[in-house]
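The model shown is predicted, which means the values in this text are computed figures rather than measured ones.
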Amino acid sequence: MSGHVLETVDLVALARDVVADCTPLAIAGGRDLALTPEVGHLPVRGGRQVLESALLNLVQNAVRAEPPGGTVEVIVRAPGQ
């Protein structure tokens, strides 16, 4: 990961931020967007910007693909659950 700072990132907090950022897109398209964290915190090691970009891309694509009236649910769980 040349050029990216590795750090410990709370995936639950990051998912919460991304879901909040994507909520206007979901509402505008007549969709619901939900976050279901199955753990309180989930520390992961990586580059925050890279992780945020990947998660943002996944959520935006899911919202666009979901038919109007549907719900996109983002679930964060610990490995092995």
Undergrad: Taking all atoms of both residues into account, what is the closest heavy-atom pair of A15 and V74, and its distance?
TA: CB-CG1, 4.5 Å
Undergrad: Look at the side chain of S53 and the backbone N and O of Q49, then say whether any donor-acceptor pair between them is shorter than 3.5 Å.
TA: no
Undergrad: Would you say L58 ends up clustered with V18 if hydrophobic residues are merged whenever their side chains have heavy atoms under 4.5 Å apart, either directly or through other cluster members?
TA: no
Undergrad: Restricting to non-hydrogen atoms, name the atom on V12 and the atom on P37 that form the minimum distance, rounded to 0.1 Å.
TA: CG1-CB, 3.8 Å
Undergrad: Can you give me the closest heavy-atom contact between R16 and L35, atom names plus distance?
TA: CA-CD2, 3.5 Å
Undergrad: Closest heavy-atom contact between A26 and L33?
TA: CB-CB, 3.9 Å
Undergrad: What is the minimum heavy-atom distance between L42 and R77, and which atoms define it?
TA: CD2-O, 3.5 Å
Undergrad: Of the options T23, L25, V19, which is the one that meets V63 in a side-chain contact (heavy atoms from CB on, under 4.5 Å)?
TA: L25
Undergrad: Within the structure provided, determine whether L55 and L51 are in side-chain contact (heavy-atom separation under 4.5 Å).
TA: no
Undergrad: About how many Å separate OG1 of T36 and CD of E73, when rounded to the nearest 0.5 Å?
TA: 3.5 Å
Undergrad: With a 4.5 Å limit on heavy-atom distance, are the side chains of V72 and R31 in contact?
TA: no
Undergrad: Tell me whether I75 shares a hydrophobic cluster with V9, the cluster being built from Ile, Leu, Val, Met, Phe, Trp, Tyr side chains joined at under 4.5 Å.
TA: no
Undergrad: If every non-hydrogen atom of T8 is compared with every non-hydrogen atom of P43, which pair is closest and at what distance?
TA: CG2-CB, 3.6 Å
